[in-house]
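I have placed the structure first, in the form of structure tokens, so that the comments after it can refer back to it.
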Protein chains: 2
Amino acid sequence: MKKDKLGAIRLTEQRKVILEELKQLKTHPTADELYFIVKKILPKISIATVYRNLEALSAAGYIIKIKSAGNQKRFDGNMQEHTHIRCIKCNKVRDIEDKIELPEKYKNLKTDFNIIGFNIDLYGICPNCL
Amino acid sequence: MKKDKLGAIRLTEQRKVILEELKQLKTHPTADELYFIVKKILPKISIATVYRNLEALSAAGYIIKIKSAGNQKRFDGNMQEHTHIRCIKCNKVRDIEDKIELPEKYKNLKTDFNIIGFNIDLYGICPNCL
DNA sequence: TACTTATTAATAATAACTACTATTAACTTT
DNA sequence: AAAGTTAATAGTAGTTATTATTAATAAGTA
């Protein structure tokens with residue numbers, strides 16, 4: 001089986017379309033939002049395929065699963081390091097171009113956890129909800 | 001109706017117990033975890049009451065609803081400003097005593113959102129999952 | 001006291017996933 | 001290339017965490 005360089009998944013037609021559409025969007029859609037978009041290209045696709053493959057693609061490192069508040073997972077096809085801002089009213093997520101870095105002094109925090117990394121998200125109100 | 005100073009909610013017996021138990025815990029429990037704890041004191045309490053009142057208490061400013069990853073909401077009775085670290089394996093949340101501040105230079109980020117604040121969470125592996 | 005409103009326990013309903021199943025497609029071995 | 005093996009899919013059932021509904025009760029007010 002031909003494996004891709006990034007992760008050990010085969011890029012099926014469904015996966016290719018999901019990936020392409022996600023990469024074109026700047027809106028960080030939820031799985032169901034993306035389902036309706038992908039459906040226009042592959043009308044027979046199942047919503048379970050979209051959920052499953054968003055997980056697979058993010059596990060394989062093609063896309064990013066956006067953590068942070070909100071009860072729906074969102075996905076991001078932009079692999080450049082960047083920060084997100086979320087609207088506290090409608091939960092939409094947008095990119096912040098500036099890359100935020102944590103000062104050196106926070107590298108050695110007191111905890112019995114094994115620190116792997118951190119996550120900074122901004123929150124505010126989007127133009128639409130103002 | 002006697003309103004409390006903080007928010008406009010009446011502190012019923014159920015709410016008092018939920019609040020007290022949460023304040024004693026350092027574990028940032030989920031609603032159902034807290035339900036089983038509170039049940040020992042009020043055996044007849046309904047899980048819906050716990051969910052409803054965790055929302056009510058956080059809306060009224062008595063407790064904090066922890067945002068960030070993981071599919072279950074978690075709650076924190078510690079109103080001091082502090083940072084959280086989450087275990088990527090078991091999703092448990094612990095406090096970091098140091099207060100993390102965002103450098104000045106990030107106060108004017110380029111975005112059409114109205115920035116209200118930010119949220120920093122660390123992630124890592126807890127002693128138990130190591 | 002009688003009335004009004006808030007809160008509760010219990011349970012039904014919902015939203016967002018996630019697992020299952022039969023089928024098909026892709027790859028591998030003969 | 002045929003047969004065998006594994007992976008992926010569509011469709012759908014099931015699950016989990018949460019939210020809404022409802023009838024009963026408790027608290028506050030006139």
Side-chain angles (χ1 to χ4, degrees), chain A residues 1-4 6-19 21 28-60 62-63 65-75 86 90-93, chain B residues 1-4 6-19 22 28-60 62-63 65-75 86 90-93:
Chain A
M1 197 199 315
K2 202 167 72 190
K3 305 277 174 73
D4 194 272
L6 272 170
I9 61 164
R10 189 165 62 197
L11 283 183
T12 61
E13 195 55 31
Q14 289 88 336
R15 283 176 182 165
K16 272 185 206 150
V17 174
I18 289 169
L19 190 55
E21 291 307 303
H28 315 82
T30 58
D32 67 306
E33 282 166 4
L34 197 54
Y35 167 66
F36 288 111
I37 290 162
V38 168
K39 226 170 131 74
K40 289 177 191 160
I41 299 160
L42 303 172
K44 299 210 66 180
I45 200 167
S46 161
I47 187 149
T49 300
V50 176
Y51 274 103
R52 184 166 21 77
N53 286 333
L54 284 170
E55 283 302 321
L57 288 167
S58 86
Y62 285 90
I63 64 173
K65 180 160 38 161
I66 301 180
K67 301 172 230 335
S68 107
N71 28 343
Q72 277 185 83
K73 288 174 192 165
R74 288 181 177 273
F75 297 85
R86 182 185 299 263
C90 68
N91 268 321
K92 279 204 186 70
V93 175
Chain B
M1 195 200 315
K2 201 167 72 189
K3 305 278 174 75
D4 192 272
L6 270 172
I9 60 164
R10 188 167 63 198
L11 283 184
T12 62
E13 195 55 29
Q14 290 88 334
R15 284 175 183 166
K16 271 185 206 150
V17 174
I18 289 169
L19 190 55
L22 182 60
H28 315 81
T30 58
D32 67 305
E33 281 167 5
L34 197 53
Y35 166 65
F36 289 110
I37 290 162
V38 168
K39 225 170 133 75
K40 289 177 189 159
I41 299 160
L42 303 173
K44 299 210 65 178
I45 200 167
S46 161
I47 187 149
T49 300
V50 176
Y51 273 102
R52 184 167 20 78
N53 287 333
L54 283 171
E55 283 301 321
L57 288 167
S58 85
Y62 285 91
I63 64 174
K65 180 161 35 160
I66 302 180
K67 300 173 233 332
S68 106
N71 29 341
Q72 275 184 85
K73 287 174 191 165
R74 289 180 176 273
F75 297 86
R86 179 184 299 262
C90 68
N91 268 321
K92 281 204 185 69
V93 175

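Order of the sequence lines fixes the chain letters, A, B, ..., with proteins taken first and strands second; residue numbering starts at 1 for each chain.
No donor-acceptor distance shorter than 3.5 angstrom exists from the side chain of A:His28 to the backbone of A:Phe75, with no hydrogens or angles considered. Using modelled atom types, one side-chain atom of B:Arg74 and one backbone atom of B:Asn91 make a donor-acceptor pair closer than 3.5 Å.
Here C:dT18 is the nucleotide among C:dT7, C:dC17, C:dT18 with the atom lying nearest to any side-chain atom of A:Glu55. For A:Arg10, the listed nucleotide lying nearest its side chain is D:dA7; candidates were C:dA16, D:dA7, C:dA9. Considering only the side chain of B:Tyr51, D:dT19 comes nearest among D:dT19, C:dA16, D:dA8.
As rounded to whole Å, 6 Å separates atom P of C:dC17 from atom NZ of A:Lys73. Between A:Tyr35 atom OH and D:dA10 atom C1' the separation is 10 Å, expressed in whole Å. We find that CD of B:Gln72 is positioned 7 Å from C1' of D:dA17, with the value rounded to whole Å. For the pair A:Phe36 CZ and C:dA16 C1', the interatomic distance rounds to 13 Å; values are reported in whole Å. The CD atom of B:Gln14 sits 10 Å away from the C1' atom of D:dA26 (whole-angstrom rounding). One atom, NZ of A:Lys16, and another, C1' of C:dA25, lie 14 Å apart when rounded to the nearest Å. Spacing between atom CG of A:Leu54 and atom C1' of D:dA8 amounts to 15 Å, rounded to whole angstrom units. Rounded to whole angstrom, the span from the CD atom of A:Glu13 across to the C1' atom of C:dA26 amounts to 14 Å.
Residues A:Lys73 and A:Ile66 form no side-chain contact, since every pair of their non-hydrogen atoms from C-beta on lies 4.5 Å or further apart.
Listed here is the closest heavy atom pair of B:Arg15 and B:Asn53: NE-OD1, 2.8 Å.
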With a 3.5 Å cut-off and sequence neighbours excluded, list the donor-acceptor pairs that the side chains of residues 33-40 of chain A form with protein atoms.
unit_1  : atom_1 : unit_2  : atom_2 : d
A:Glu33 : OE1    : A:Thr30 : N      : 3.1
A:Tyr35 : OH     : A:Lys39 : NZ     : 3.2

List every contact pair, protein side and nucleotides 11-14 of chain D side both N or O, where the distance is under 3.5 Å.
unit_1 : atom_1 : unit_2  : atom_2 : d
D:dG11 : N7     : A:Ser46 : OG     : 3.1

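Nucleic acid contact class of A:Asn53 (heavy atoms, under 4.0 Å, all strands): sugar-phosphate only.
The side chain of B:Thr49 places no N or O atom within less than 4.0 Å of a non-bridging phosphate oxygen (OP1 or OP2) of C:dT7.
Residues meeting the salt bridge (Lys or Arg N to Asp or Glu O under 4.0 Å) test with A:Lys65, sequence neighbours left out: A:Glu55.
Atoms CG and CD, from A:Asp32 and A:Gln72 in turn, are 5.0 Å apart once rounded to the nearest 0.5 Å.
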